[in-house]
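Counting begins at 1 with the first residue of the sequence. Atoms considered below: every heavy atom in the structure, side chains included; atoms not considered: hydrogens, waters and symmetry mates. The structure presented is a predicted model; accordingly, all values stated were derived computationally and were not measured.
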Amino acid sequence: MSNRNRFNGYNSKDNISFGIVLIVLGSFFLLDRLNMINAREYYQYWPALIALSGVICVVRASQLPEVLDGFMQIGIAAWLYAVTQHLYGLTWSNSWPLFIIAIGINIVIKYFAEKPKT
């Protein structure tokens, strides 16, 4: 692999995706600072960025663990949205164990998915 296509172990598609995200976020905050938009109206949707990242992971995945990582990101985004909007009575203080349980489930599923057949 040439140095041109390598940046911290990621391929150029990952770099361009990250660059686009930075441009969009920077533009959003710049427009807010210039009083062209009111960013506070959009802050409730910030978990959508994590969900979008998860969808991209699932679509670009070539192995089951990568798909699981994408679904984990989507699940975290759904939890964050539910907590920030107080859906189903969820708050940070009463629902943080869900986060730990989800990570544990993800680890166990990956173990069995990657377990060598003997």
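The side-chain contact (heavy atoms from CB on, under 4.5 Å) test applied to V55 returns V59, I74, not counting sequence neighbours. S95 pairs by the side chain to side chain donor-acceptor pair (under 3.5 Å) definition with W79, not counting sequence neighbours. For I107, the side-chain contact (heavy atoms from CB on, under 4.5 Å) partners at least two apart in sequence or on another chain are I103. In this structure A51 satisfies the side-chain contact (heavy atoms from CB on, under 4.5 Å) test together with A77, sequence neighbours excluded. Annotation: side-chain contact (heavy atoms from CB on, under 4.5 Å) contacts of A48 (sequence neighbours excluded): none.
Criterion: ILVMFWY side-chain heavy atoms under 4.5 Å apart, direct or through other members. Under it, L64 and Y111 are not part of a common hydrophobic cluster. In the hydrophobic clustering of this structure, I56 does not group with I50; members are Ile, Leu, Val, Met, Phe, Trp, Tyr whose side-chain heavy atoms approach within less than 4.5 Å, directly or through other members. Note: the hydrophobic cluster containing I105 does not contain V108 (ILVMFWY, side chain heavy atoms under 4.5 Å, direct or indirect links).
Between I76 atom CD1 and M72 atom CE the span is 4.5 Å, to the nearest 0.5 Å.
Residues C57 and G70 share a closest heavy-atom pair of CB-CA, 3.6 Å.
Pairs passing the salt bridge (charged side-chain N to carboxylate O under 4.0 Å, His left out) check and including a residue from residues 84-94, sequence neighbours excluded, do not occur. Sorted by first and then second residue, the salt bridge (charged side-chain N to carboxylate O under 4.0 Å, His left out) pairs involving residues 34-59 (not counting sequence neighbours) form an empty list. Identified under the salt bridge (charged side-chain N to carboxylate O under 4.0 Å, His left out) test for residues 83-92, with sequence neighbours left out: none. Each side-chain hydrogen bond (donor to acceptor under 3.5 Å, both in side chains) pair with one or both residues in residues 61-75, not counting sequence neighbours, appears once here: S53-Q73, S62-E66, D69-K110. Residue pairs meeting the ring pair (Phe, Tyr, Trp, His ring centres under 6.0 Å) criterion with at least one partner in residues 48-71, sequence neighbours excluded, do not occur; the list is empty.
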Taking only distance into account, with no hydrogens and no angle test, what donor-acceptor pairs under 3.5 Å do side-chain atoms of residues 25-36 form with protein atoms, sequence neighbours excluded?
| unit_1 | atom_1 | unit_2 | atom_2 | d |
| --- | --- | --- | --- | --- |
| S27 | OG | I23 | O | 2.8 |
| D32 | OD1 | A39 | N | 3.0 |

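With a 4.5 Å cut-off between side-chain heavy atoms of Ile, Leu, Val, Met, Phe, Trp and Tyr, the cluster of I100 takes in W96.
When side chains are defined from C-beta on, Q44 does not count as touching T84, because their heavy atoms never get closer than 4.5 Å.
Within the 3.5 Å criterion, the main-chain N or O of G89 finds a donor-acceptor partner in the side chain of N94.
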